[in-house]
Amino acid sequence: MEIPYTISTRPDTGLWNAKIGIWLFLASEVMLFGGLFSAYIFLRLDAQPGEWPHGLLNVPVGTMNTAILIMSSVTVVLAWAALKMRRYNAYWWYMLATIMCGVIFLFVKLYYEWPQKFEHYGVFLKPSALEKYEQYLGNNRRTEKGMEPRIEISGHLHNPEAIKDPSIKEYEIGLDPVFVDPNNPTNDRPHFLYVPPTDHIAKIEKEDVERIDSFGPWHSAYFASYFTITGLHGAHVLAGVLVFIYMWLPVSKKLYQRNPEHLANRVEVCGLFWHFVDLVWIFVFPLFYLL
Amino acid sequence: MNNPPDISQDPAEHEEYAHNVQKHVRGYLTVGALLLAFTGITVALSYVDFGTRKANIGVAMLVATLKAGLVAAIFMHLAAEKRLIYRVLIFTGLFVLALFWLTFLAWYNPVVR
Amino acid sequence: MSSLALINEFLGQPPNASEHGYQIDHILEFAHWFMGALFFGWSAFFVFVLIRFRRSRQPKADHAGVRSGISTHLEFSVVLIEAVLLIGFAIPLWAKRVNEFPPTQDAILVHVVGQQFNWTFHMPGPDGQFGRREIDLVTNSNPLGIDPNDPAGKDDIVVLGELHVPVNRPVIIELSSKDVIHNFCLPHMRIAADAIPGSLIPMWFKPIKAGNYEVVCGQLCGLGHYGMKGMVVVDEPAEYQTWLKERAELAGTQNAPSAAPAPGQQPPGGAPKTENPAEQPQNKPAAPPTSPSPGG
Amino acid sequence: MDASTSLPAAAGHHHPHTHAGEHEHHELGWWRKYIFSTDHKVIGIQYGLCGLVFLFFGFSLMMIMRWQLAYPGQALPVIGKWLPYFFGPNTMPDGKMTPEFYNSLGAMHGTIMIFLGVVPVAFAAFGNFVVPLQIGAPDMTFPKVNAASFWAFGVGGVIMLTSFFVPGGAAKGGWTSYVPLSDIADKGPGFHPFLNGQTLWLVGFIFLITSSLLGAVNFITTIIQLRAKGLTWMRLPFFVWAQFVTAFLLLLAFPPLEAAIVMQLMDRTAATSFFLPAGMIVNGAPLHISGGGSPILWQHLFWFLGHPEVYVLILPAFGIVAEILANNSRKPLWGYKSLVFSVLVIGFLSFIVWAHHMWLTGMGSTVSAFFQTTTLLISIPSVIILSAFFISLWGGSIRFTVPMLWATAFLPMFGIGGLTGIPLAFNSADLYLHDTYYIIAHFHYIVAPGTIFGLFAGIYYWFPKATGRTMNEFWGKVHFWPSLICMNVIFLPMFLQGMLGMHRRWYDGGQGWTLSGEHIWGLTGFQWNTPISWAAWIMGLAQIPFIINFFWSIKHGKKVNDNPWEATTLEWTAPSPPPHGNFVITPVAYRGPYEYSLPGREKDFTMQNEPVEPAERSRRAAEPALAH
Ligand code: HEA
Ligand code: HEA
Ligand code: CUA
Ligand SMILES: [Cu+2]
């Protein structure tokens with residue numbers, strides 16, 4: 001038994017089956033990420049002043065990853081076009097390039113960006129203690145200029161044992177540069193390049209601390225959405241890479257020899273998915289890295 | 001930009017068809033370059049102060065929408081797709097907007113004394 | 001007025017005890033009349049058709065069937081009635097509930113805090129000022145964490161489980177919760193609202209009949225949900241004053257005797273997160289220093 | 001490519017007799033044919049059987065609960081002693097139900113009935129079995145995706161069932177899983193990050209959502225692409241339209257809930273606080289979290305699915321009932337176009353009414369005015385559909401076959417449920433009714449004597465297509481009448497209880513409340529629980545004839561021809577049961593779906609694949625009423 005319109009198009013719709021299928025699937029993906037982004041909006045609107053961090057992510061790396069995804073989007077259409085022109089070799093190379101792009105993207109995410117977060121700590125101060133640490137926060141000037149107050153001091157935790165050990169009375173934080181010179185207006189906007197914590201150590205008494213957390217999902221609504229959305233996006237990238245690897249392996253050659261158009265259709269369908277993943281990233285990048 | 005027409009089994013026709021796709025390839029490359037440029041622009045604009053954070057978010061989202069539009073229109077061939085797919089996407093778009101808009105409205109309009 | 005609510009009474013709705021309740025009952029009543037008319041109209045038609053057009057009576061069907069546009073008229077009248085109910089009654093009624101709160105000085109103002117599984121009532125006392133609440137100060141004897149150093153809190157009245165209010169004076173309740181979502185429902189007063197942690201939801205009503213009224217928790221809140229009972233006692237003004245005096249004497253110690261102990265009741269503790277959603281972070285009641293979360 | 005034939009056919013030795021059929025060379029092995037099949041009919045039947053078993057299981061949970069509601073605190077006789085061995089020691093010590101277990105049963109009854117019972121049967125089973133046949137297609141567009149969808153459902157179902165047996169028992173937060181209650185559920189001492197009821201509920205749900213999404217994609221594509229030649233959109237049977245809209249509801253409404261579920265999963269396993277505000281005090285101790293989350297956010301995302309979901313429950317039933325009404329009144333459906341238009345409008349509007357479940361969450365007047373308006377608007381197409389069904393009967397020649405009995409009962413039952421939705425749509429009236437038994441009665445009238453009756457109608461109706469035999473008519477009636485009576489004895493009094501002010505999810509059935517001690521119609525609100533419960537148990541007994549009839553008829557039912565109901569749609573042109581690939585002759589449609597009792601014809605039905613003769617054409621032109 002043969003199912004009609006798997007390769008050729010149905011005259012009255014002008015489409016083959018998988019093309020409709022993938023677009024329907026993408027429509028549901030739009031709703032999925034729509035749900036996540038509406039949660040993002042909701043949480044961000046709800047955030048108390050000072051609770052939504054800015055400029056904590058590594059912009060150059062994020063920009064690079066954005067560029068990588070864009071390039072992979074180009075290579076994947078080129079791969080498809082190559083198939084349409086019946087140039088299997090070109091297809092093979094473009095596909096390989098796409099896969100490499102996806103792998104690099106994931107690698108950067110999993111082995112560079114995420115781990116970096118877990119080593120960074122934020123100390124939330126009790127409202128009553130904000131005055132005391134004014135030298136690090138610079139809230140007087142900020143209030144004057146109508147900016148949100150800072151309620152958190154962040155950097156490298158030099159005595160991690162303090163978290164567990166009640167006999168240690170203070171945290172030693174190797175400050176992020178912003179807090180070393182809080183009143184310098186150039187520090188008001190996020191730095192472009194990643195600036196590692198300084199060796200300026202601030203001592204913060206536990207008495208004054210509301211809570212201390214590393215920059216994991218538990219840190220704040222911001223990091224919770226960052227990890228969830230980029231995690232889910234990463235899972236999509238991974239899925240795409242796996243499918244592309246399958247279509248790049250020798251089995252694809254067999255299909256190509258039997259029916260090149262069938263392979264081209266499959267690449268088109270998976271390409272559509274890949275472009276969508278790229279498209280999501282286009283929104284994720286500015287929302288989390290830049291703003 | 002048009003979706004390349006369907007391929008024919010006839011080798012002579014195929015020659016012409018391949019040529020057609022070749023023309024599209026240049027378009028894809030241009031769009032890729034444009035997207036990269038826009039990425040740069042987004043980053044640059046985020047260091048410009050547009051007054052309020054809301055304004056900055058607005059500008060960035062505008063550029064992002066533009067980029068997304070390019071990807072959708074050219075790479076995903078939405079510029080010349082069949083009506084059926086437009087219909088599905090229009091409704092999907094409406095429903096996401098409803099989700100955004102109505103949850104926002106509910107947040108914005110609570111009972112206050 | 002109440003005699004108009006025939007169907008509601010027929011279906012067992014208890015008598016109303018608040019000023020606005022009649023309006024709620026009326027819209028419910030109209031809706032029931034409307035539903036009843038549709039139901040009996042269609043049922044009559046339906047039964048008739050089933051009998052008249054059964055196969056033994058009507059061996060051959062008529063291909064075309066009904067040719068008149070009668071159903072369009074019917075559907076149009078349904079739209080019309082619904083529109084009248086909606087625009088004429090429902091929307092204005094809700095607007096009155098949520099936009100036209102009575103002026104504070106005329107009303108009894110109470111903060112109600114839900115927790116698993118009872119209600120705590122917080123009244124400002126003679127000075128009309130609520131004392132500051134701080135999460136760190138919550139103890140068994142200070143279930144809301146009222147700051148003992150705040151002068152405004154000295155005369156505050158905190159009661160567990162049972163609230164007294166005078167008859168014929170509007171009551172404004174501001175609802176919040178310490179743990180999960182509850183729902184403060186007073187069936188006899190025809191009023192209810194969710195108690196949601198992290199937010200403050202105001203509601204109001206004006207009791208017009210003295211008596212004891214059960215407060216139902218109308219939102220699943222855990223194993224003791226079914227027994228999360230409160231009581232609102234509507235007193236004559238004189239009795240209310242006596243009660244108030246009694247409570248005021250206890251104030252300061254803030255020892256709240258518990259009313260009907262709820263099943264699975266937990267030791268009281270804690271204050272709602274934020275008194276006022278728009279508050280500045282300085283006043284934000286804060287979680288105490290924590291050990292870091294997993295991974296930290 | 002077609003891997004379905006290239007894969008090695010598994011395990012002939014499971015079925016030694018396959019050699020007997022030597023002449024059929026590419027006969028698939030038993031496992032591939034009945035278990036890991038990609039044939040839409042087999043998958044449909046798999047879905048149907050699993051769904052029915054889940055339906056019965058969900059009902060059994062409720063039958064246990066009904067004991068607690070009628071006789072709170074008393075030991076459940078006979079089986080009460082044994083249940084702890086099955087569900088664990090802390091569920092019913094000495095046969096007496098604990099409140100935790102009551103909450104688990106309630107949450108799982110709702111979840112199982114809706115997501116593991118009705119959706120698989122109404123949407124997936126009937127959709128899979130009937131839709132391709134009705135549109136004259138050889139199979140679904142993506143058979144392997146179809147099988148994947150079924151297996152994702154299977155995994156989800158197993159996970160949901162497993163959750164009964166982990167420490168602490170199954171999810172306890174209601175089928176709505178409202179946060180913070182669900183977020184912090186089970187998090188006491190000995191908390192296992194994965195093996196706890198609520199987390200398993202979430203994980204199981206992800207599988208169920210995946211299953212529904214794959215199914216929805218497949219259904220829509222199939223209906224768009226594989227319609228037989230000549231089967232234009234306006235010639236589709238109404239059932240196909242109903243499934244089409246249902247598929248779109250699942251496709252677009254489920255993903256936001258999936259997002260919310262991922263977030264709740266993060267809250268429970270990665271210590272985020274998507275749904276938790278700062279400053280919570282649980283069990284007298286402050287919660288160590290970052291805060292900054294919103295409990296209301298969950299409700300928005302949940303009901304964004306939740307409302308469309310209720311139409312997922314009812315639209316397939318509408319479709320089934322429409323087919324059966326037309327067939328048994330021997331008359332076209334009245335107002336086909338307005339019916340189609342109405343389901344489309346319902347589908348559209350159901351995405352923008354969700355907050356009517358949240359009237360009491362502190363909603364301002366603007367937002368609530370918007371949602372009240374849309375909620376009332378969505379009741380209009382339902383009225384149109386029901387009216388069209390009623391009017392369709394006028395002038396018919398009604399035969400009361402067993403499917404028709406269920407379908408006729410469906411109409412007033414849905415009517416009661418739908419009409420009692422109207423007061424809920426006005427938030428000022430819902431102020432009084434919210435979370436009372438009135439709500440329980442409202443929706444059960446729609447889903448139990450409504451949808452479930454629709455499903456029974458469909459089962460009796462399409463059974464001959466699936467097996468070549470009919471179910472026994474007498475036992476069908478024995479199934480029908482007690483079910484109809486019991487359903488009403490169960491759910492009518494709940495309106496009274498609701499109006500008295502009795503609330504749902506009450507472990508003690510209202511025994512401890514003064515307000516449920518009020519008398520109404522001779523009994524107190526609490527006492528009404530007893531007749532309700534007895535009706536529910538008798539209702540359970542009334543299912544026995546059905547179960548026996550069902551299985552018995554597969555082998556021993558009366559043999560019938562391919563079109564026993566003398567119906568018009570394309571599925572009846574295929575052999576019963578249809579072979580792999582469905583049709584012997586690829587069907588072509590020449591006319592609309594319900595050409596019953598055409599004037600001037602011998603037979604009182606004209607099938608869709610019968611060409612229009614010249615004589616008929618000229619007669620139609622002369623009489624515009626026939627043109628439809
Ligand atoms: C399939 C399921 C289904 C369907 C179709 C509906 C249909 C409707 N529902 Fe219902 N509803 C639920 C399932 C359903 N509902 C569930 C499960 C809940 C509770 C969830 C929970 O909290 O757990 C709920 C809760 C619920 C609420 C929230 C109540 C609360 O929690 O406080 C509201 C409020 O507006 C509502 C309204 C409506 C309306 C206006 C319709 C309309 O669409 C109805 C339109 C239909 C008609 C108007 C009938 C027309 C018929 C005729 C005119 C013919 C009459 C003829 C005869 C009787 C012979 N429903
Ligand atoms: C589709 C949805 C659905 C269906 C069909 C039902 C069916 C029934 N429900 Fe349920 N119910 C819910 C969805 C549903 N329910 C939900 C969502 C809730 C809210 C949960 C919550 O609070 O979170 C609820 C809550 C609920 C309550 C309130 C509990 C409480 O608040 O404490 C009650 C009380 O009586 C109840 C009773 C019943 C009864 C008696 C039936 C009966 O009508 C059942 C009848 C069932 C059958 C007749 C099926 C029999 C099956 C077969 C015969 C197939 C066998 C065949 C084979 C094995 C081949 N339900
Ligand atoms: Cu509190 Cu239910
Ligand atoms: Cu709804």
Side-chain angles (χ1 to χ4, degrees), chain C residues 11-13 24 27-28 31 35 38-39 46 49 53-55 58-66 71 75 78-79 82 86 90-91 93-95 98-99 135 178-181 187 190 192-194 196-198 201 214 216 218 220-221 223 226-227 266-267 269-270 273 285 287-288 290 293-294, chain D residues 99-100 174 178 180-181 271 277-284 286 288 295 330-331 334 360-362 364-365 368-369 372 376 380 383-384 387 390-391 393-399 419 422-423 426-429 431-432 435 496 499-501 503 505-508 512 514-515 520 597-599 625:
Chain C
L11 292 176
Q13 196 187 28
I24 306 268
I27 192 162
L28 199 53
M35 288 146 59
L38 279 178
F39 180 75
F46 186 49
V49 168
F53 295 102
R54 67 187 191 277
R55 171 150 274 198
Q58 175 96 355
K60 184 107 185 70
D62 166 16
H63 178 80
V66 173
S71 75
E75 278 140 20
V78 170
V79 176
E82 287 188 351
L86 176 71
I91 292 180
L93 198 51
W94 193 256
V98 301
N99 293 346
I135 198 171
K178 285 186 204 168
D179 38 39
V180 303
I181 301 181
R190 313 291 193 252
D194 278 358
I196 302 176
I201 296 174
E214 272 174 331
V216 180
L220 181 63
C221 52
L223 64 129
Y226 69 96
Q266 307 291 337
K273 171 207 175 190
T290 65
S293 320
Chain D
E100 289 97 328
Y178 272 14
L181 181 63
M280 282 172 59
I281 300 193
V282 177
N283 291 348
H288 300 302
R330 316 305 295 162
K331 232 181 112 288
W334 190 85
L360 301 187
T361 55
S365 49
S368 65
Q372 288 184 69
L376 282 173
I380 309 296
V383 172
I384 295 178
S387 306
F390 281 125
I391 295 174
L393 295 173
W394 184 277
S397 163
I398 302 170
R399 358 173 261 211
L419 288 174
I422 291 175
F426 301 113
N427 57 358
S428 29
L431 189 60
Y432 182 72
D435 255 10
L496 306 181
M499 287 296 281
L500 267 182
H503 277 57
R505 294 155 171 177
W506 267 358
Y507 160 73
D508 67 350
T514 321
L515 55 84
I520 172 74
S597 304
L598 274 185

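For clarity, every value in this text was computed on a predicted model and none was experimentally measured. Chain identifiers are assigned alphabetically (A, B, ...) following the order of the sequence lines, protein sequences preceding nucleic acid strands; residue numbering begins at 1 within each chain.
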Which atoms of [X] come close to chain D, meaning under 4.5 Å heavy atom to heavy atom: side chain ones, backbone ones, both, or neither?
{"X": "C/E214", "value": "side chain"}
{"X": "C/L93", "value": "side chain"}
{"X": "C/V79", "value": "both"}
{"X": "C/A31", "value": "side chain"}

Checking [X] against chain C: side chain, backbone, both or neither under 4.5 Å from a heavy atom?
{"X": "D/Y507", "result": "both"}
{"X": "D/T361", "result": "both"}
{"X": "D/L360", "result": "both"}
{"X": "D/L181", "result": "both"}

For [X] and [Y], which heavy atoms make the closest approach, and how far apart are they?
{"X": "D/L598", "Y": "C/H63", "value": "CD2-CE1, 3.4 Å"}
{"X": "D/Y432", "Y": "D/G501", "value": "OH-N, 3.7 Å"}
{"X": "D/F426", "Y": "C/A90", "value": "CD2-CB, 3.5 Å"}
{"X": "D/G395", "Y": "C/Q58", "value": "O-NE2, 3.8 Å"}

Tell me, out of [options], who's got the most heavy-atom pairs with chain D below 4.5 Å.
{"options": "C/R190, C/E75, C/R55", "answer": "C/R55"}
{"options": "C/I181, C/V49, C/I196, C/L86", "answer": "C/L86"}
{"options": "C/V98, C/N99, C/I201, C/V66", "answer": "C/V66"}
{"options": "C/V78, C/L220, C/I24, C/L38", "answer": "C/L220"}

**OP:** Output the distance between atom CD (C/Q13) and atom CD1 (D/I520), rounded to the nearest 0.5 Å.
**Re:**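 These two atoms lie 10.5 Å from each other.
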
Original post:
Hey, what do you get for CH2 (D/W334) to CD1 (D/I391), rounding to the nearest 0.5 Å?
Top reply: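 Nearest 0.5 Å value for the CH2-CD1 distance: 4.5 Å.
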
Original post:
Can you find a heavy atom in the side chain of C/D194 that is under 4.5 Å from one in the side chain of D/Y178?
Top reply: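 When only atoms from C-beta onward are counted, D/Y178 and C/D194 do not touch, as no gap falls below 4.5 Å.
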
Original post:
Is the closest side-chain heavy-atom distance between C/F46 and D/L393 below 4.5 Å?
Top reply: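 When only atoms from C-beta onward are counted, D/L393 and C/F46 do touch, with a gap below 4.5 Å.
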
Greatest number of heavy atom pairs closer than 4.5 Å to chain C - which of [options]:
{"options": "D/N427, D/D508, D/T514", "answer": "D/N427"}
{"options": "D/P295, D/S387, D/G362, D/A369", "answer": "D/S387"}
{"options": "D/I384, D/V383, D/V282", "answer": "D/I384"}
{"options": "D/P423, D/A429, D/G396", "answer": "D/G396"}

**OP:** Taking side-chain hydrogen bond (donor to acceptor under 3.5 Å, both in side chains) as the test, write out the residues that go with D/D435, two or more places apart.
**Re:**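 Only D/R504 meet the side-chain hydrogen bond (donor to acceptor under 3.5 Å, both in side chains) criterion with D/D435.
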
Original post:
Mind checking what makes side-chain contact (heavy atoms from CB on, under 4.5 Å) contact with C/L11, not counting sequence neighbours?
Top reply: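 Once residues adjacent in sequence are excluded, the partners of C/L11 under the side-chain contact (heavy atoms from CB on, under 4.5 Å) criterion are C/I7, C/H32, D/L496, D/M499.
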
